[in-house]
Protein chains: 2
Amino acid sequence: MTQDYSHFPRHLVAVDCIIFGFDGENLKILLVQRNFEPKMGEWSLMGGFIGNEETSDEAAHRVLNTLTGLENIYLEQLNSYTRIDREPTARIMSISYYALINIEKNIQINEKYSAKWFDLQDFPSLIFDHNEMVEDAVLRLRRRASTRPIGFELLPEKFTMKDLQNLYEAIFNEQFDKRNFISKINALDILVKTEGKDMTSSKKGSFLYRFDEAKYEKKLAEGFMFKI
Amino acid sequence: MTQDYSHFPRHLVAVDCIIFGFDGENLKILLVQRNFEPKMGEWSLMGGFIGNEETSDEAAHRVLNTLTGLENIYLEQLNSYTRIDREPTARIMSISYYALINIEKNIQINEKYSAKWFDLQDFPSLIFDHNEMVEDAVLRLRRRASTRPIGFELLPEKFTMKDLQNLYEAIFNEQFDKRNFISKINALDILVKTEGKDMTSSKKGSFLYRFDEAKYEKKLAEGFMFKI
DNA sequence: ACAAAAGTGTTCAAGCTACACCCATGT
DNA sequence: ACATGGGTGTAGCTTGAACACTTTTGT
């Protein structure tokens, strides 16, 4: 016999995006203000329902694109949240995703959503289980950032060593020794020093680096492991 | 205005369980033979639909209990699989879970499901995207096993150092040096040596150890990190 | 006595941590 | 000239990897 699916329950399934950015000093999170009930006016993650003709990945990209206009964003699936009463008005499951975006590129945030960047150290309490989602996302970001070169998604194409160190300090919420950090990065041998200097932070100026993705992929294929 | 959910699409959502066991030598996976179309007769993961009154965790526990009769099994959510055509007959999303069970305890497998333990190194090709789920689960198991003492879920209460080493060798698919392995384990200081010896494997007999969970929790609270 | 698995330490290399001074430049 | 951030090297320590022989006991 063939399975008959008609009597199995069907569920609303949403995606919610934890959108991380970096302003050169602190990790940021992009939140939206609900413009519908319940919890209208409160802060939440950007989300949306998964349609019949899209995967959850596609839904997450669509949601992110709707908010920011950006395409090809770094996006990784996190967890499913399926508590029955996680939303008060209906049983809605949610699959969370975290996104890393270069905050400088992100020029046109759709005003319709009243979105705002908050400091990850100091953002308002969120609706439903969104706080839990953010906590889980931060933990995942830390794990990933220590074994994959995803940090560069958060930086502009060219950045100083100081920027990079600030980024990792923000991700891990921990201070590093400048000399040790730089020699670790140099030992990885996946950055290229460009001609240019950033003159805004000091009189001397500091060299700008680029992540050499091709080199990284090549080393990866040869058994190299990224490790911070 | 309050959000009206009635026009959003609703989805069938299943859980699928990757059930790991250990027979003292090799990692095993428990598979079931489909007794309905499509793909009747082929091997698959044990799964089931999520009901209206249960979370995905509860559904996974239910599914596992239906198959094995066991309760309180170690179960961890993995990923969501949402490709539209991942099953041919309907659009079904699936949340995967992996389970660790002590194979000795597992006496009464429900015969209705034609379940069978396979060697993880040599099991049949599975239906749909279940092979991918297993691959993802193995990777997650390795990660978790290297930072959390979950290996003990797969062993009987008392075990020899050799058992433990065999287990980790099976998980990581890699050979370890006996001396280095034992001194690493001893350095962790979370096992207790019992009076008893296992006399089945040698004339001399080898001491049996127990995982001291209370001690582990205490050390954890003091900042200890498990690491293999 | 011998076969078979259990049990046990040391050495070396690599990587990590801690730590302080000079350099270049704009004002 | 001085104030500001940029840039650089070393020594001690910890950790992980490689490596071989003795012990116990049933047959």
Side-chain angles (χ1 to χ4, degrees), chain A residues 23-25 142 145-147 155-156 158-210 219 222-228, chain B residues 23-25 142-143 145-147 155-156 158-210 219 223-228:
Chain A
D23 67 359
E25 288 294 326
R142 277 187 197 150
S146 69
T147 55
L155 291 171
K158 295 180 181 183
F159 49 85
T160 65
M161 282 288 183
K162 181 84 174 140
D163 293 334
L164 191 60
Q165 183 171 349
N166 283 344
L167 171 62
Y168 279 99
E169 288 180 342
I171 290 175
F172 295 110
N173 197 22
E174 195 178 336
Q175 299 301 112
F176 302 128
D177 177 87
K178 179 171 54 158
R179 283 163 294 185
N180 291 340
F181 182 80
I182 292 178
S183 43
K184 211 167 188 175
I185 297 292
N186 283 333
L188 292 175
D189 188 29
I190 51 173
L191 296 190
V192 287
K193 195 181 213 167
T194 69
E195 302 293 307
K197 280 194 165 194
D198 167 34
M199 302 306 293
T200 63
S201 63
S202 74
K203 334 257 162 139
K204 188 179 177 181
S206 58
F207 280 105
L208 292 164
Y209 292 80
R210 240 180 351 90
K219 296 188 71 164
E222 291 163 358
F224 168 74
M225 280 288 289
F226 179 91
K227 189 88 188 68
I228 286 274
Chain B
D23 68 358
E25 288 295 325
R142 278 187 196 148
R143 272 212 328 262
S146 70
T147 55
L155 292 170
K158 296 181 180 181
F159 48 85
T160 65
M161 281 291 183
K162 180 81 173 140
D163 293 333
L164 192 60
Q165 182 172 348
N166 283 344
L167 171 62
Y168 279 100
E169 288 180 342
I171 291 175
F172 295 110
N173 197 21
E174 196 177 333
Q175 299 300 114
F176 302 128
D177 177 88
K178 180 170 54 159
R179 283 163 295 188
N180 289 341
F181 182 80
I182 293 179
S183 45
K184 210 168 190 175
I185 296 291
N186 283 333
L188 291 175
D189 188 30
I190 52 174
L191 296 190
V192 287
K193 195 182 213 167
T194 68
E195 301 294 308
K197 279 193 164 194
D198 168 33
M199 302 307 293
T200 64
S201 63
S202 75
K203 331 261 165 135
K204 188 177 176 181
S206 59
F207 279 104
L208 292 164
Y209 291 80
R210 242 183 347 94
K219 295 188 72 163
F224 167 75
M225 280 288 287
F226 179 91
K227 191 88 188 67
I228 287 273

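Lettering follows sequence order; numbering is per chain, from 1.
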Query raised in the report: Between B:R179 (CZ) and C:dG7 (P), how many Å, whole number?
Result: 14 Å
Report task. Mind calculating the distance between NZ (B:K178) and P (D:dA18) to the nearest angstrom? Result -> 17 Å
Query raised in the report: Checking only heavy atoms, does the side chain of B:K203 share a donor-acceptor pair with the base of D:dT24 at less than 3.5 Å?
Result: no
**Report entry** Closest-nucleotide 5' rank along DNA chain C - winner of B:M161 and A:K227
**Finding:** B:M161
**Report entry** Rounded distance [0.5 Å steps], OH in A:Y209 versus NZ in A:K158
**Finding:** 13.5 Å
Query raised in the report: How many Å lie between CD on A:Q165 and P on D:dG5, as a whole number?
Result: 15 Å
Query raised in the report: Do other residues, nucleotides or ligands put more than 12 heavy atoms under 6.0 Å from B:M225 CE?
Result: no
Query raised in the report: Which sits closer to the 5' end of DNA chain D, A:S206 or B:G205, going by the nucleotide each is nearest to?
Result: A:S206
Query raised in the report: Within this structure, what is the CZ-to-P distance between A:F181 and D:dG9, rounded to whole angstrom?
Result: 18 Å
Query raised in the report: How close or far is atom C1' of D:dG7 from atom CG of A:L164, stated in whole angstroms?
Result: 15 Å
Query raised in the report: Which whole-number value in Å describes the distance from B:E174 CD to D:dA18 P?
Result: 10 Å
Query raised in the report: Do A:K204 and C:dA24 share a donor-acceptor pair, side chain to base, under 3.5 Å?
Result: no
Query raised in the report: Taking only N and O in the side chain of B:S202, is any of them less than 4.0 Å away from OP1 or OP2 of D:dT25?
Result: no
Requested in this report: Find the distance between CG (A:L191) and CE (A:M161) and round it off to the nearest 0.5 Å.
Outcome: 5.0 Å
Query raised in the report: Is a donor on one side and an acceptor on the other found under 3.5 Å between the side chain of A:Q165 and the backbone of A:I182?
Result: no
Query raised in the report: How far does CZ of B:F159 sit from CG of B:N166, to the nearest 0.5 angstrom?
Result: 12.5 Å
Query - Separation of atom CZ in A:F176 from atom P in C:dG15, rounded to whole Å - result: 19 Å
Report task. Could you check how far CG of A:N180 sits from C1' of D:dG12, rounded to whole Å? Result -> 13 Å
Requested in this report: Between A:K184 and B:D177, name the one whose nearest nucleotide on DNA chain C is closer to the 5' end.
Outcome: B:D177
